[in-house]
Structures are given as C-alpha cells and as structure tokens.
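Residue numbering restarts at 1 for every chain, and letters A, B, ... go by the order of the sequence lines. As a basis for the values below, the full set of heavy atoms in this structure was taken, side chains included, without hydrogen atoms, waters or symmetry mates.
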Amino acid sequence: MQPLPLPKSILLRKPWEYRAVYGNGRRIRGNHLTIIYAPNGTDQNRLGISIHGIKKAVTRNRIKRIIREFFRSNRSFISPSSDIVFAVRNGFNVDSPLMIKKMIGHMVRSTSTKQSRTESL
RNA sequence: UGGAGUGGGCGGAUGAUCGCUGUCCCAAAGGGAUGGAGGAAAGUCCGGACUCCGCAGGACAGGAUGGUUCGUAACGCGAACCGGAGAAACCCCGGGAAAGUGCCACAGAAAAGAUACCGCCAUGAUCUGUUAUGGUAAGGGUGAAAUGGUAAGGUAAGAGCUUACCGCUUUCAUGGCGACAUGAAAGGCAUGGCAAACCCCAUCCGGAGCAAGACCAAAUAGGGAAACAUUCCACAUCACAGAUGUGGUGAAGGGCGGUCCGUCCAAGUUUUCGGGUAGGUUGCAAGAGGUGUUGGGCGACCGACAUCCCAGAUAAAUGAUCAUCCCCCUGCAAAGGGGACAGAAUCCGGCUUAUAGCCCGCUCCAGUCC
RNA sequence: GUCCCCAUCGUCUAGCCAGGUCCAGGACACCGGCCUUUCACGCCGGCAACACGAGUUCAAAUCUCGUUGGGGACG
C-alpha cells in the first residue's frame, strides 16, 4: 500500500463552503445518498459530509468514517477537481467500505454514461 | 439434582500495513517517540466542584426530602438496624388523619359523632292480613370500606353490659445512642379511609449555567469626538428682510446637458475612540484520581505508606484491511456465519434506562441418597 | 452541550390544576337516512381518540415516576 494521507485542509468545514456546493453543484442520487459536487479550481478534490435524520451517534460516526475511508482510498473518483458533499439521509445502512465503493462506483458510472450519451446526442 | 431470589465481575486478544488526533523531541519541508471512548460515555432525574451575577440581619412565599443511627464535599445516594406485609430467601412499603379544611361516585338505613331497609324483642290496637309506639344493632342485605375480634356469662331481644384472651389507648419500669422491644397496671373502645388532596411538623435550598466566564480581535453597518468642505465662517456698518465691507477657508460628489453657465438631488471626506460580531486563544484536565499493601469499622466508609499519570476533539480525532487465536451457531468433516447495548465534549458522586454471551459468590424452597 | 415545554377521534380542540355522573363532550370531515326533480343548505342517526409502561388509590385521561415521540430557547 502506498501512503494516502487525508489532512484536514481538504475537508469542507465552514457553512458557506457547503452552501456554495449546494448552490452550484451537480447532483447524483442514490439509495438514501446524494453526491453533490462543484468544481473548485484547485488541483485536488475536497470532501464534505452531511448526515440527516440518523439519531444514533454510533451509526452517524460509523457512516462518516466509512465515507472518509472511501474518499481517502479513492481521492480522484470525480475527474475535474471538485468540492464533493455526501448527503446521507435516514435509512442509509451501508456498513463497510467495500459496499460503499461498489455503490458509488455504480452511481458514478451510470451518470457518466448518461452524460456521454447526452453529449454524443 | 432441579427451581427461585440476590450481589459482584468481564464486555474479545495479539501483530502488521495505511490513515486521523493530543503531548514531547529534532526541527526548513518533514521525521521520530508516546497516549487516544464507556459501564453505562445515554437520559439530564438529583447532589456537588468551578465561574459570573446578587447579597446587612431576619421573616414570608416557593421548591425538595420524610422510620432511626451512621457514612459522605453533598445528595432524593449508600450501609446497618427498627416496624409492617408476606410459604421462604428476596423484593416492597415507611412523619402526622385523637390542629383544621375537603373528598369518599354508584349502591346502601347510614360514608363519620347522624341513623335503622330486611330483621329481633316488648307493649297497645286489630277485620288475625297487619299496624302504632318503644327497645336493640347480634344476624341478613349494600359497598372498596360499616362504628374492636373470639368465647362464655347475661338479657324480653340485645349490647364492653360483665369476664377471659387478643388488639387499641394512657401511664410506669427495664433494655437500647435511637427507631423500638419486653413486662406490669389502668381505661372500657374513644381513633373508618385518602396527605403521589389542601395542609401541619421537622430538616435543607440565593439565581444562572463552560453556549458560565476571561483575553485578542477583521470586514460591513451604526455610535462618540476632532479636522476639512458646503452660494461657508468670524467681525463691523446700515433702513436689520437682507445688503455691503474686511479677514479666513475652499471651490468637492451624482443626474439633466456636447461643454461652460444654469438647474435639481444627496450630505459628505479624512482621522481617531470605545463597545463589539465573524474568527482565534483560554477555561481544559493531577483529580472528593487510580492501583497495591496495611490499620480501624458488622458494614457503607475512613486513615497511613508506596506507586502510577491514564482522551482532550471543536462541521468535532479513536477508523480500514489482512493474519493468527478465543467464544457461540450450522455442519460427519471441510467450511460458512456471528460476537450485545452503545461514542467522551468542564469535571466528579449517585440514580434511572439499554445490554448478546460468559464467569464467580451468597440465600431460600422442593426431591433423592447417606 | 445546557435549559425548558407538549402529547386526547381523520383534523382543530374541551375536560386535567380540585380523581367518580367520562366505555370521554363539541366543531369540521367521513358514512347512512330524511328533505329536494337533482345538488347545496337544513334535520336525524352512526363511525372514531386519552402516546407507552409501572405505581398511589376502592377507582386514573386527570396524581407520581420512568420510557418513547414531537417542539422550543441559548452562539
């Protein structure tokens, strides 16, 4: 394994940063999960996580850690460098990084094919 | 052996790689060392520490607690004991209803110092079916609850009317720090229930809470002050609306307009001051601390000595993968699946609630054998 | 994080403080009937709820404790 650090400088932390992504971003919808991303002009992706409606602190922390772990190992899964927000809603029951990797891979692939189709048309 | 009750403990382990984070060291990027969730971190139900505000002293109001004695910084917590209830252990309950007010639906005669529905008894009347008056509260009936209980005597029938025992009340004696227990005497029954109804008694409590509080401090708007500017200011004169003269200062912004003039609009510009927002620093972790030995105490707990430092994040760190082992389930095996409840946010002592599985101790009941 | 409040038919609510006549009342909605040529209006009837679990009490929507859910204040 090569080192894949995840410092705090590439995490979204302030409310206005999240608002900017929500305002200008494109959305990919999944099962109780929406990925919103907007190009940020830097040379790397930045990560934000928003969890709604999950009351147990244990599950909330678990989801946050899994998403961070996925992002750490797949830093550039969206091609132009963007600010990416994972918006999780109640009912999200993914419990391992492998599951989320499959899920997000599926989501990204379907949207990219759709985009390429629309572009070809 | 089976069942029941109750108390305590554990809450998967080790290693590797990649990440996050606190502290320390080398220090220019960066590197190294070391630490990194719980018994409930939860609910926020109590009690404190800490911080700010308030405060002569006292009383009232309001709130909380409620057998006794200890323990504790304190508590609504804990320990031991007392009483009640109860096959047993255990669990549970705990001031006052003979200070006052209030309530006790329906049913019932009557729901608290008032009385008699069915009854029982006596006397009178009588058409022999009953009826009037009086006595009585043993029995029946109502109800969640009915005016001491049982037995004997007694009586017209009955009744603490009398007696014995039990209960109750009062007084005394003995034991105990005390709650209370035991014994004796007297009274002759007075005292229904509800205080998680108002209330009375005793004790305790000032209010807010780390988003407390302290410090540093952008941008924008607004506030105070000063300077400058505005057909302005100061002084003098006049016929006092205003004009003139002298001196000072300065001719700045926007709209109409080709430009000047003109006209309309706005009140500004600069400096500085303090409050203070975003943001940052601090409070912020050595403590009513843990562990071991030992002394005191029935125990909760307290003392002495030694030793250890054991999370401090801030859109908020403790994670992922792999390997080996442990426990449980399925399976002949190989193998597969699973390992609860749950995540620190100023810190402690409790309570309550959630919790797969496992381990240990004590008590009671039943059965079998000796 | 700290501190508060609330929960009753499908909806809005009364009753709770002072427990009993409450298997819980009213309005709108819904269903059925009457009226009308029909609809509406009106009249009559029906359906339907005390968040959950313990406790106190003879008796709990009401009093006490806990749980769950919902909402609010503090930067």
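- B/A74: no Watson-Crick or G-U partner with both key distances under 3.5 Å is found in any strand.
- Taking the P atom of each, C/U57 and C/A14 are spaced 32 Å apart, rounded to whole Å.
- Spacing of C1' atoms, B/G167 relative to B/G148, comes out at 7 Å, to the nearest Å.
- Distance noted for atom P between B/A345 and C/U2: 7 Å (whole Å).
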Any N/O pairs under 3.5 Å between the protein and nucleotides 67-72 of chain C? List them or say none.
{"from": "C/G70", "atom 1": "OP2", "to": "A/K55", "atom 2": "NZ", "distance (Å)": "2.7"}

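- Computed from coordinates, the A/N74 CG to B/U321 C1' distance equals 14 Å when rounded to whole Å.
- Every residue meeting the side-chain contact (heavy atoms from CB on, under 4.5 Å) condition with A/K64, not counting sequence neighbours, appears here in chain and number order: A/I49, A/I51, A/N61.
- With both pairing distances under 3.5 Å, B/A225 is matched to B/U271 as a Watson-Crick or G-U wobble pair.
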Enumerate the protein-to-nucleotides 335-342 of chain B contacts in which both atoms are nitrogen or oxygen and the separation is below 3.5 Å.
{"from": "B/A342", "atom 1": "OP1", "to": "A/K56", "atom 2": "NZ", "distance (Å)": "3.3"}

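- Annotation: salt bridge (charged side-chain N to carboxylate O under 4.0 Å, His left out) contacts of A/R62 (sequence neighbours excluded): A/D95.
- Between A/K64 atom NZ and B/G343 atom P there is a gap of 13 Å when expressed in whole angstrom units.
- At a threshold of 4.5 Å between non-hydrogen side-chain atoms, the residues A/I28 and A/Y37 count as touching.
- Side-chain heavy atoms closer than 4.5 Å link hydrophobic residues (I, L, V, M, F, W, Y) into clusters, and following such links, possibly through other members, connects A/L11 to A/I63.
- Residues passing the side-chain contact (heavy atoms from CB on, under 4.5 Å) test with A/H52, sequence neighbours excluded: A/S50, A/R89.
- One can place CZ of A/R65 at 17 Å from C1' of B/C18, the figure rounded to the nearest angstrom.
- With sequence neighbours left out, A/R46 forms a salt bridge (charged side-chain N to carboxylate O under 4.0 Å, His left out) with A/D83.
- B/G22 and B/U34 make up a base pair, with Watson-Crick or G-U wobble contacts both under 3.5 Å.
- Glycosidic conformation of B/C52 is anti; the angle lies outside 90° of 0.
- Taking atom CG of A/L6 as the reference point, atom C1' of B/A320 lies 12 Å away to the nearest angstrom.
- A/S73 contributes a side-chain N or O that, together with a main-chain N or O of A/E69, makes up a donor-acceptor pair within less than 3.5 Å.
- Panel note: side chain A/R29, backbone A/M107; no donor-acceptor pair is recorded below 3.5 Å.
- One atom, CZ of A/F71, and another, C1' of B/A320, lie 16 Å apart when rounded to the nearest Å.
- With its glycosidic angle more than 90° from 0, C/A59 adopts the anti conformation.
- B/G154 and B/U126 have their P atoms separated by 38 Å, with the value rounded to a whole Å.
- When the P atom is used for both B/G149 and B/C189, the distance is 13 Å, rounded to whole Å.
- The gap from the C1' atom of B/G35 to that of B/U65 amounts to 45 Å, rounded to the nearest Å.
- Straight-line distance between the P atoms of C/G25 and C/C34: roughly 27 Å, to the nearest whole Å.
- Pairing for B/U321 is with B/A16, a Watson-Crick or G-U wobble pair whose two hydrogen-bonding atom distances lie under 3.5 Å.
- One can place CZ of A/R72 at 10 Å from P of B/C18, the figure rounded to the nearest angstrom.
- Base orientation of C/G55: anti (glycosidic angle beyond 90° from 0).
- Separating the CZ atom of A/R62 from the P atom of B/A37 is a distance of 16 Å, rounded to the nearest angstrom.
- Hydrophobic side-chain contacts under 4.5 Å tie A/V58 to no other Ile, Leu, Val, Met, Phe, Trp or Tyr residue.
- Using atom C1' as the reference point in both B/A316 and B/C284, the two lie 15 Å apart (nearest Å).
- In this entry the base of B/G160 is syn relative to its sugar, with a glycosidic angle within 90° of 0.
- A 3.5 Å limit on both hydrogen-bonding distances identifies C/C28 as the Watson-Crick or G-U partner of C/G10.
- Glycosidic conformation of B/G129: syn, with the torsion inside 90° of 0.
- Put simply, CD1 on A/I36 and OH on A/Y18 are 10.5 Å apart, with the number rounded to the nearest 0.5 Å.
- Summarising the base pairing, B/A159 is matched to no nucleotide, lacking a Watson-Crick or G-U wobble pair whose two defining distances lie under 3.5 Å.
- Where A/L11 and A/L98 meet RNA chain B, the nucleotide closest to each residue was compared, and A/L11 sits on the side nearer the 5' end.
- In this structure, B/C347 forms a base pair with B/G48, meeting either the Watson-Crick or the G-U wobble geometry with both donor-acceptor distances under 3.5 Å.
- As judged by a 4.0 angstrom heavy-atom cut-off over every strand, A/R68 is placed among residues touching the sugar-phosphate backbone only.
- Contacts of A/N90 classified as side-chain contact (heavy atoms from CB on, under 4.5 Å), with partners at least two apart in sequence or in another chain: A/I54.
- Applying the ring pair (Phe, Tyr, Trp, His ring centres under 6.0 Å) rule to A/F70 yields the partners A/F77; only residues at least two apart in sequence or on another chain are considered.
- One can place CG of A/N61 at 13 Å from C1' of B/C20, the figure rounded to the nearest angstrom.
- Applying the Watson-Crick and G-U wobble criteria (two distances, each under 3.5 Å), B/C55 pairs with nothing in any strand.
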